[in-house]
Protein chains: 2
Amino acid sequence: MKIDPNHLHMLAAIIDSGGLSEGAIALNKSQPSLSRTVAMLEARLGSRLFEKGKRPLRPTELCQSLADQGRIILHASEAARQVAELYSGGKAGTARISGTPIFMDGVISNMIATFQGAFPEIAIHQTYGYLGDLTEQLNVGNVDLAICPVCPDTVPEGLSFKPILPGRNVIACAPSHPLARKSAIKLEDIAPYPWIAPPAGSPLYEDLRSALARIGIKDFKVSFTGGSLASIISILAGSESLTVLPYSVVFMQSNTKNVTALPVRLEHPSRELGVLWRDDRPIRPAVLRFRKYLESEFSGLAKRIEEKGRNIVWRN
Amino acid sequence: MKIDPNHLHMLAAIIDSGGLSEGAIALNKSQPSLSRTVAMLEARLGSRLFEKGKRPLRPTELCQSLADQGRIILHASEAARQVAELYSGGKAGTARISGTPIFMDGVISNMIATFQGAFPEIAIHQTYGYLGDLTEQLNVGNVDLAICPVCPDTVPEGLSFKPILPGRNVIACAPSHPLARKSAIKLEDIAPYPWIAPPAGSPLYEDLRSALARIGIKDFKVSFTGGSLASIISILAGSESLTVLPYSVVFMQSNTKNVTALPVRLEHPSRELGVLWRDDRPIRPAVLRFRKYLESEFSGLAKRIEEKGRNIVWRN
DNA sequence: CTATCTTCATAACATGAAGGTATATTGATT
DNA sequence: AATCAATATACCTTCATGTTATGAAGATAG
């Protein structure tokens, strides 16, 4: 004999509020409705649920046991309501994001931290990839948002793109680096130092190669490669190596005084750091909220970067 | 926005069985029914529950969360069903019993032990009392069954009575007692020994007094009084005291060799040990089962007592 | 003990949520 | 492209549940 969860919930409400009438009020129903349901249950169970002819309604032992389950059900139902509400409001859920490693580590991770401070019920699943993978992952549906530098003219078919920062790259080194103190750097100055190469296949790597080629350096010395941002920064700090990083990443590190940018303008294809997503499929509220958050954070960040950049003379 | 527990349960069933059609089978409903409910929920929640246009039906994150609650609800509902079933079958619940202390301790406690071995979900609440209290407690409704010696002609108004054993009392002593070895005991032999008096107010006490008076002993020496069965048996074992006990209590102790009965017939009002209850109010299944159990156990016990009793010559 | 108050039970009716069957639609598969 | 299997839709039906009105019964106070 199956018992309707709603009925169990009703029993709990009746007991907890101390009577049919009170229970009816608590449940927003009429008293006869409860009365009838109780009678029906008693008939089906073959046992009384409330002692007969007792006016302060006294629940039977069986009724107590059933009401216990009813309370569990009530609780679960309430939890579901809450989940649904949070979810719809974009305050709970999951956002699956993916992006270029250096930028995710160097900039986005900070924002995720503050975001999760505000919305602890939103889980972020992060992966790494470059434009090709990202497009694929978005199309397949494994990822909700991709964050990477994109040439605005060549946004992949079927994706929306929202730029968040200019994708300018710079030459980075430790603040203690000999070049860091020079006010005017000539390109020849750069030549002697070893390089930390960004992951092969990344735009950064291409930029490093082409920039150096432009200076005339074809065979540059790569002292380290394959590491993620954390390794790169450690190695920069402990050596005289140079590397190429998005300026925003260097900027975010500025308070830790681990990395600095050389005031040299690197020529590279114009790109915008931005967010990619598929607009043709429904965007979950939590994802939308995260995207909006990124956009607003970055508009602030872009302003701060802009202000600081004005004081620097970038040479070619 | 309140969510119907049944709907949550449905989501769980759909996910767990892997599709609408399978879920429908699991829930004993038609596929369109589930389809429609899901659609309705999606409309009300404002979010999809299953990804659109994916044929192996893929539940949304939200749907998973809701289904989690649905499983909790399913579980609670199932538990309720089980409780109700056990209860109705008299395999779960509570029986509140009360009875005369010596008999409860000496005979009933054993039976409760085996009973609870068979029906661990039935809780027994035991209290003590004599006929007056017991009647009162039964009438008030604090107790479901009373067990005590009753003169069958004077069953209190409004109570049913079922005899389970002849209420015969005997003089009891330690097996090491000087009288225990005598094959023929004269009443004068008894006079010198001190007595352990059963609780004042108990029928046993009355029986002791009147039996001794009949022998001619008016002033008997009471060496101990007020104790429950455990104390009485200890003291009997360590002294030459005598006492009066229901023969069934002595019989139940026979395997421990702590107590023996003197082959002397005690004159006392004819009583039957039995079970009292109010038949005008509904008997809970667990109580009924316990009562039936008592009756069947006692019919076996009565037979064993009878057999053993035949070998003994009871003198007056 | 009676009068009165409160609370529960019952009756009669209304309605809508949910179920069923038949069938169209749409991903998946070959 | 054709076929298959699973889901969505349309339409009808029914029964659980809700409502209001009212009767019955336990509790309470004078």
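Chain identifiers are assigned alphabetically (A, B, ...) following the order of the sequence lines, protein sequences preceding nucleic acid strands; residue numbering begins at 1 within each chain.
Counting non-hydrogen atoms under 4.0 angstrom, B:Ser33 reaches the backbone sugars and phosphates but no base. Among the protein residues, A:Ser21 comes within range of the sugar-phosphate backbone only, with heavy atoms under 4.0 Å from sugar or phosphate atoms but none that close to a base.
A salt bridge links A:Arg284 with B:Glu61; the closest basic N to acidic carboxylate O contact falls under 4.0 Å.
Within the 4.0 Å cut-off from OP1 or OP2 of D:dT19, at least one side-chain nitrogen or oxygen of A:Ser30 is found. Residue B:His7 has no polar side-chain atom (N or O) positioned under 4.0 Å from OP1 or OP2 of C:dA17.
If you measure from atom NZ of B:Lys29 to atom C1' of D:dA8, you get 18 Å, rounded to the nearest angstrom. In this structure, A:Leu20 atom CG and D:dG26 atom P are separated by 15 Å, rounded to whole Å. Regarding A:Leu34, its CG atom lies at a distance of 11 Å from the C1' atom of C:dC8, rounded to whole Å. Computed from coordinates, the B:Met40 CE to C:dG16 P distance equals 14 Å when rounded to whole Å. Taking atom CG on B:Asn28 and atom C1' on C:dA18, their separation rounds to 15 Å, with Å as the unit. In this entry the distance linking NZ of A:Lys2 with P of C:dA18 reads 12 Å, nearest Å. Between the CG atom of A:Leu57 and the C1' atom of C:dT6 there is a distance of 13 Å, given to the nearest Å. Taking atom CG on A:Asp4 and atom P on C:dA17, their separation rounds to 16 Å, with Å as the unit.
A:Tyr128 and A:Asp133 share no side-chain donor-acceptor pair at under 3.5 Å.
Looking only at side-chain heavy atoms (C-beta outward), B:Pro149 and B:Pro203 come within less than 4.5 Å of each other.
Judged by distance alone, the side chain of B:Ser98 and the main-chain N or O of B:Thr127 form a donor-acceptor pair under 3.5 Å. A donor-acceptor pair under 3.5 Å is formed between the side chain of B:Thr60 and the backbone N or O of B:Arg48.
Each of B:Gly19 and A:Met10 was matched to the nucleotide of DNA chain D holding its nearest heavy atom; the match closer to the 5' end belongs to B:Gly19.
Side-chain N/O atoms of B:Gln31 and base N/O atoms of D:dA8 include a donor-acceptor pair closer than 3.5 Å.
Nearest to the side-chain atoms of B:Pro32 among the listed nucleotides C:dA9, D:dT7, D:dA10 stands D:dA10.
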